[in-house]
2 protein chains.
Amino acid sequence: MTVTDIFKDFINDKGLRWTPQREIIMQVFSKSETHLTAEEIFNITIQQNSSIGIATVYRTMALLCEAGLAREGTNLYGKITFEPLYQRKQHDHLICTQCGIILEFEHPLIDKYRKDICLQHDFILQSHRMDLYGTCKDCTPTLPPNSPSS
Amino acid sequence: MTVTDIFKDFINDKGLRWTPQREIIMQVFSKSETHLTAEEIFNITIQQNSSIGIATVYRTMALLCEAGLAREGTNLYGKITFEPLYQRKQHDHLICTQCGIILEFEHPLIDKYRKDICLQHDFILQSHRMDLYGTCKDCTPTLPPNSPSS
DNA sequence: CTGTCTGCAAACTATTTGCATCCCT
DNA sequence: AGGGATGCAAATAGTTTGCAGACAG
């Protein structure tokens, strides 16, 4: 059962049609390890089929979200991004505000306490998003050894 | 030392000018307990000064963010929102996807593990955002007592 | 064949910017 | 007086929508 199969089933079950555009877009997207904007997905897809329009990317991504295979978000610049959800552990993000890189992590206890909180508030948790913003290892200026303490 | 004082100092220190518009916008904003969009802030301010333009709201909110008194975010509909930061404990959010209400909570252990994670990744934490999405107490359909188990 | 999909371009919406004028300092 | 601040309107930028033709089933 591949991601493509799942999406194809979803499309069929809704009485929609399986098209080359939908297949390409979903493949490009599901290969990605990071959060992509519609434009980024579009730029990759047109390398494989130069006649795809960005409207189709948006329309297909909406279907992928509906199918539970993708999730919408917003990047540092306010653009909509899509995050692959298929067969991925739930995780949280470290986002470097210098270079924009997104690192992933998970922490079982954070997860546990998250659920506790929801119980305490009679809140039925559907999903969550936790992003930690800061400076990643590579963007942290490291003082050279013996550097003057100006 | 009120919020207004802090903002006024910030404005002065930058060699900028204290204007009625800035004062009104900042007061409207700092009275708010929730996340507001620019338009919401605008709608309240024009009740006090009908000639304020929305561009000024955006410009003033940018200053408040720079001053560390506000923080930008995105609501369920993709619009930019502003969250007051002054003299408020850091906290996380429970966001009801039905009615949009935002409940706040804090959990010291989640906070501790968040910091641990950053240490492990040589990541210098500047800020974070954790939003839990789901259904709040009031929007949860409760079965009447003795309801049939259809 | 039928009705969905597509690409295109136009429409929208939220946000930003240019500019003449205003008004703090 | 001088230069930042404002409101307006126009410009952007991202996303959505309408439509005629293409095409899956």
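In what follows, chains carry the letters A, B, and so on, assigned in the order in which the sequence lines appear, proteins first and then strands, with residues in each chain numbered from 1.
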ILVMFWY cluster, [X] and [Y] together (side-chain gap under 4.5 Å):
{"X": "A:Ile95", "Y": "B:Leu125", "result": "no"}
{"X": "B:Ile11", "Y": "B:Tyr58", "result": "yes"}
{"X": "A:Tyr133", "Y": "A:Leu94", "result": "no"}

Exercise. Indicate yes or no: at least one non-hydrogen side-chain atom of A:Cys96 is less than 4.5 angstrom from one of A:Cys139.
Key: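 Yes - at least one pair of side-chain heavy atoms lies under 4.5 Å apart.
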Practice problem: Start with the C-alpha distance between A:Thr135 and B:Gln126, add both sets of side-chain angles, then the distance that settles side chain to side chain donor-acceptor pair (under 3.5 Å), and finish with yes or no. | Solution: CA-CA 8 Å; A:Thr135 312; B:Gln126 286 155 358; 3.0 Å; yes
In whole Å, what is the span from the [atom1] atom of [X] to the [atom2] atom of [N]?
{"X": "A:Arg22", "N": "C:dG7", "atom1": "CZ", "atom2": "C1'", "value": "14 Å"}
{"X": "A:Glu23", "N": "C:dC5", "atom1": "CD", "atom2": "C1'", "value": "15 Å"}
{"X": "A:Phe7", "N": "C:dC5", "atom1": "CZ", "atom2": "P", "value": "10 Å"}

Practice problem: Give the angle between the helix axes at the two ends of the helix from C:dC1-D:dG25 to C:dT25-D:dA1, taking five base pairs at each end and rounding to 10°. | Solution: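 End axes: 30° apart.
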Checking side-chain polar atoms at under 3.5 Å, does [X] have a donor or acceptor matched by the opposite partner on [Y]?
{"X": "A:Asn49", "Y": "A:Ser51", "result": "yes"}
{"X": "A:Gln90", "Y": "A:Asp111", "result": "yes"}
{"X": "B:Gln21", "Y": "B:Thr60", "result": "no"}

Quiz item: Atom OG1 in B:Thr97, atom CD1 in A:Ile124: separation rounded to 0.5 Å?
Solution: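 Between B:Thr97 OG1 and A:Ile124 CD1, I get 10.0 Å after rounding to 0.5 Å.
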Quiz item: Quick one: how far along DNA chain D does chain B reach, first to last nucleotide 5' to 3', anything under 4.0 Å to a heavy atom?
Solution: D:dG2 to D:dC8
Quiz item: Looking only at heavy atoms, what is the nearest atom pair of B:Met130 and B:Leu132, with distance?
Solution: CG-CD2, 3.9 Å
Self-check item: Under 4.0 Å protein heavy-atom contacts per nucleotide of nucleotides 15-25 of chain C, with B for base, S for backbone only and - for none
Solution: SBBB-----BS
